[in-house]
Amino acid sequence: METFSEIFMPRRGSTGAADVDALFHFIHITGFILLAGITIAIIYFCIKYRRRSDDEVTPIITHNANLEITWSVIPLILILIVFSWGFRGYLTLFTPPSDAYEINVTASSWLWEFTYPDGGTSANELYVPANRPVKLIMRSNDVVHSFAVPDYRVKMDVIPNRYTTLWFEANEADTSQVYCTEYCGFGHSNMLAQVIALEEEDWEEWLETGLEVDMDMPLAELGEETYTSAGCNACHSTDGSPLVGPTFQGLFGSERPLQDGTTTTADEDYIRESVLDPMAAVVQGFAPSMPSYAGRLSEREIEGLIEYIKELE
Ligand code: CUA
């Protein structure tokens, strides 16, 4: 039979999830019991002590020591339980094991980039080993974001000019959703990523091969790879629908009305410039919000993107 947790909570994907759930349920259930008890008492007293006639006089009662001690001490005990339980959880959450595998996280409006110890990167897909502690060292390129994985019951703000850290240990090989849980502008709700926990051997294999991009593949294919691996897909669709940025469909060769009132033709130069210096020519109706990809994409990847966009008629 499914437990309450399995029905109402996300999958317990990390070693710390059960502890978080236990405290959550304690607070939740205690709250419900108190709510029910107080509500029933209010209704009962309303009926029992209602005014029955016009000349009925309310008796004068100054206090009741036993009652007052009871309603002070019971909540005090409950709050101390929640505090000590929560504080223990807080210490666990903020003390990564010293042997944790470290991955750097960079948040930009509106994508997540992950950098692994050997220098490889991935965008919007975080690969981690299962059954091994992983520590994320996070910073933001622009505004405040927040990295949250409900399956792992972890969440931490990602802010500019300062590192924040987060750790977890995935307890099985599975894929979990990552959300940005701090409102960071127009593309906030699209700022999604996946954390993919792999078994030890798959993880080793991924470290060997997964980080390398095969630069020799045909340009348009490389472009299609780059479109997802660099995170272009977070803001640009390929089916005509406008997201945070303009769609790539039918882009090549079209006339682009710019914010300064001029127009330009979307040719190879225009696309390359938009990738490297996005603020140079912002299309009307879209916020000037794209981060520069200068130094993050190779020339061949940019050529690939141009080829890929050409094919999206
Ligand atoms: Cu980044 Cu919300």
Side-chain angles (χ1 to χ4, degrees), residues 106-115 120-126 141-143 145 178 180 184-194 196 209-313:
T106 309
S108 315
S109 301
W110 293 280
L111 78 139
W112 299 101
E113 272 192 293
F114 306 102
T115 309
T121 62
S122 61
N124 291 335
E125 278 182 350
L126 169 62
N141 264 338
D142 37 50
V143 298
H145 302 273
V178 178
C180 176
C184 54
F186 189 62
H188 162 71
S189 59
N190 277 322
M191 197 169 163
L192 304 168
Q194 311 243 287
I196 299 145
T209 58
L211 288 167
E212 281 166 29
V213 183
D214 177 12
M215 285 295 166
D216 294 332
M217 71 170 96
L219 271 181
E221 270 175 49
L222 177 65
E224 190 172 359
E225 276 288 297
T226 309
Y227 169 71
T228 43
S229 69
C232 311
N233 56 346
C235 300
H236 301 281
S237 77
T238 56
D239 63 0
S241 54
L243 299 175
V244 171
T247 181
F248 282 172
Q249 192 187 45
L251 173 76
F252 194 82
S254 66
E255 288 296 310
R256 315 296 290 162
L258 301 182
Q259 249 164 27
D260 61 7
T262 61
T263 55
T264 187
T265 306
D267 56 10
E268 286 90 345
D269 270 331
Y270 166 83
I271 295 174
R272 185 167 181 278
E273 181 191 60
S274 297
V275 170
L276 299 176
D277 184 11
M279 296 308 134
V282 179
V283 174
Q284 260 178 35
F286 293 96
S289 54
M290 176 169 155
S292 166
Y293 277 82
R296 291 154 82 182
L297 291 179
S298 69
E299 285 298 331
R300 192 170 159 83
E301 282 170 311
I302 296 172
E303 282 164 21
L305 274 175
I306 294 171
E307 273 314 300
Y308 177 56
I309 290 170
K310 277 184 189 173
E311 288 185 354
L312 298 167
E313 283 169 353

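Atom CZ of F286 has more than 12 neighbouring heavy atoms from other residues, nucleotides or ligands inside a 6.0 Å radius.
Under the 30°/60° scheme for interplanar angles, the aromatic rings of H236 and F248 are found to lie parallel.
Here the straight-line distance linking atom CD1 of I302 with atom CD1 of I271 works out to 11.0 Å at 0.5 Å rounding. Annotation: the span from E225 atom CD to E301 atom CD amounts to 9.5 Å, rounded to 0.5 Å. Distance check, rounded to the nearest 0.5 Å: CG of L251 to OH of Y270 gives 6.0 Å. The CZ atom of R272 sits 11.0 Å away from atom CG of L297, with the distance rounded to the nearest 0.5 Å. The structure places CG of L219 at 4.5 Å from CZ of R300, a figure rounded to the nearest 0.5 Å. Note that CH2 of W110 and CG of D142 are 8.5 Å apart. Values are rounded to the nearest 0.5 Å.
For the 3.5 Å distance criterion, the side chains of D239 and S241 qualify, holding a donor opposite an acceptor. Between the side chains of S122 and E113, no donor-acceptor pair is found at a separation under 3.5 Å.
Applying the salt bridge (Lys or Arg N to Asp or Glu O under 4.0 Å) test to E311 and every residue at least two apart in sequence or in another chain returns nothing. By the salt bridge (Lys or Arg N to Asp or Glu O under 4.0 Å) test, E303 pairs with no residue at all, sequence neighbours left out.
Side-chain N or O atoms of E221 include none that pairs as donor or acceptor with a backbone N or O of P218 at under 3.5 Å. The closest donor-acceptor contact from the side chain of Q249 to the backbone of G240 lies under 3.5 Å. For the pair Q284 (side chain) and L258 (backbone), a donor-acceptor distance under 3.5 Å is present. Side chain of T264 to backbone of R256: no donor-acceptor contact under 3.5 angstrom is found.
Pairing each heavy atom of G253 with each of T265, the nearest pair is O-CG2, 3.8 Å. The two residues F186 and L243 make their nearest non-hydrogen contact at CE2-O, 4.0 Å. Closest heavy-atom contact between C184 and V143: CB-CG2, 3.8 Å. Across every non-hydrogen atom of H145 and S108, the tightest pair is NE2-C, 3.8 Å. Of all non-hydrogen atoms in A123 and L111, the two that sit nearest each other are CB-CD1, 4.0 Å. Between M191 and A107 the shortest heavy-atom distance is CE-CB, 3.9 Å.
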Assess the residue pair Y227 and T238 against the criterion (side-chain contact (heavy atoms from CB on, under 4.5 Å)); give the C-alpha distance rounded to whole Å, side-chain angles, the decisive distance to 0.1 Å, and a yes or no.
CA-CA 10 Å; Y227 169 71; T238 56; 3.5 Å; yes
